[in-house]
**Student:** 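Take this structure first; my questions come after.
To find a chain, count down the sequence lines: A is the first, B the second, and so on, and within it residues start at 1.
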Amino acid sequence: MLTAEDQMAIEQRLADFLNKSEAQWSALVDKGGNLFAQSGDTGTLDLSILSALAAGSFAATHELAKRLGESEFSALYHEGHGQHILMSALHHECLLVTIFGEKTNIGLVRFYAQQVTVSLNELLKGASEKEATAEPLQLEGNFLDNQATIT
Amino acid sequence: MAFINYSSREIQLKIVYYGAALCGKTTNLVTLHKQITHAQKGELVSLATDADRTLFFDFLSLNTKTLPGFTTRFQLYTVPGQAIYNTTRQLVLKGVDGIVFVVDSHWDKMADNVESFANLQENLIENHLSLVQIPYVLQYNKRDIPNAAPINYLEYTFNNRANRALAFEAVAATGVGVLETLNAAARLLLAKYSKTPNANVTGMSRPNPTVAVPPQSDSPQVGAGNVAA
């Protein structure tokens, strides 16, 4: 669960990170593939698909790490011709996914990614504590009848 | 686990289609992608082998307005059915909110179906979950094949618990029962957010009258409740 304040705070951190690292797009994604917050521009890319694939890719890597006796690979880097992607593990089952191009380099992006993961972890810890004591979301309506139908 | 974003008024829910190899999980998603016209849908992504067998998962995202004041984003995943991909199935189940278990109606596939259902339960435990917590529906697929097992047999084999699940007959390849199955799973998930839950709100505690499986007067489950009542 993210409140509007949590969302703004996370997006602010991501925007600062992009500014410093000169990366193109960055997002907070959970390991189930949900997109929590994002900053930057990916053009027409479908962000749901991007998040699902990033989470899947990281999950497979995590499993490889386990089999090698590592508790986790803390970061995962895919190098392309023009665009690259860096995924960094966060606490609370989350990931930081960053896309960057030729304007910057992996060293710089990784350096600032390590910095932003610390502050994102703090924010996630706060959000998780709030969630534990929050009232569950309840809305008017009986959603077992036909009023809520996907067509 | 469902993710609620109060800032963008969005709820994200993950539904996983589970079942034995070649039972029709991917076909369900392909058909949904074709059939759904009103909900805003994303591209259907398949991580498959050259022979079109699911290697990691298939993925389809649907944006709907099924909850007042919120956009509901359903993320539909399939798992690879082949036995060797068990680790992958565990990974795809991470963060699952609801399950559609697809049963292949072919007589020869009963052992595979049963094994897959047991495997689902084991893999949920690996993810610290269980079918008691996670709403699920059953889909008896391939009802058009000549040697399909009778419904009462399938009900007895897969739906013989104190808390009966909703069950649907389907022919995923032609679209029969596919949307009905998804809508039942979606409603079970959305019912969690209802201020006025009725007796069916968990979807598991009592049979639901909307179920598509016909009454089975000779069903061995007399006393456990009739799913088609």
**Student:** Measure B:S61 against the heavy atoms of chain A and call it side chain, backbone, both or neither at under 4.5 Å.
**Tutor:** side chain

**Student:** Is it the case that over 12 heavy atoms from other parts of the model lie below 6.0 angstrom from the CD atom of A:E63?
**Tutor:** yes

**Student:** Check each atom of A:S48 against the heavy atoms of chain B and say whether the ones under 4.5 Å are side chain, backbone, both or neither.
**Tutor:** both

**Student:** Anything in residues 24-39 of chain A with a heavy-atom distance to chain B below 4.5 Å? Please list those residues in order.
**Tutor:** A:K31, A:G32, A:G33, A:N34, A:L35, A:F36

**Student:** Which atom pair, heavy atoms only, marks the closest approach of A:A60 to B:F56?
**Tutor:** CB-CE1, 4.1 Å

**Student:** By a 4.5 Å heavy-atom criterion (distance strictly below it), what part of B:I36 contacts chain A: side chain, backbone, both, or neither?
**Tutor:** both

**Student:** So, taking the atom named CG in A:L2 and the one named CD in B:E10, what distance separates them when rounded to the nearest 0.5 Å?
**Tutor:** 11.0 Å

**Student:** Measuring from atom CD1 of B:I4 to atom OG1 of A:T3, what distance do you get when rounded to the nearest 0.5 angstrom?
**Tutor:** 12.0 Å

**Student:** Quick one: does B:Y6's side chain get under 4.5 Å of A:D6's, heavy atoms only?
**Tutor:** no

**Student:** So does A:H91 have more than 12 non-hydrogen atoms from other groups sitting under 6.0 Å from NE2?
**Tutor:** no

**Student:** Let me know if B:R73 has heavy atoms under 4.5 Å from chain A in its side chain, its backbone, both or neither.
**Tutor:** side chain

**Student:** Roughly how far apart are B:S8 OG and A:Q7 CD, rounded to 0.5 Å?
**Tutor:** 5.5 Å

**Student:** Starting at NE2 of A:H62, measure out to NZ of B:K94 and round the result to the nearest 0.5 Å.
**Tutor:** 6.0 Å

**Student:** Which answer fits B:Q75, side chain, backbone, both or neither, if we ask what part of it has an atom under 4.5 Å from a heavy atom of chain A?
**Tutor:** side chain

**Student:** B:I11 versus chain A, heavy atoms under 4.5 Å apart: side chain, backbone, both or neither?
**Tutor:** side chain

**Student:** Tell me whether B:E115 at atom CD has more than 12 heavy atoms from other residues, nucleotides or ligands lying less than 6.0 Å away.
**Tutor:** no

**Student:** Between B:L93, B:T64, B:T87, who has the most heavy-atom pairs with chain A when the cutoff is under 4.5 Å?
**Tutor:** B:T87

**Student:** For A:A52 and B:Y77, which heavy atoms make the closest approach, and how far apart are they?
**Tutor:** CB-OH, 3.3 Å

**Student:** With a strict 4.5 Å heavy-atom criterion, list every residue of residues 25-35 of chain B that contacts chain A, or say none.
**Tutor:** none

**Student:** Which bit of A:E5 comes within less than 4.5 Å of chain B, counting heavy atoms only: side chain, backbone, both or neither?
**Tutor:** neither

**Student:** Relative to chain A, which segment of B:L47 carries a heavy atom at a distance below 4.5 Å: side chain, backbone, both, or neither?
**Tutor:** side chain

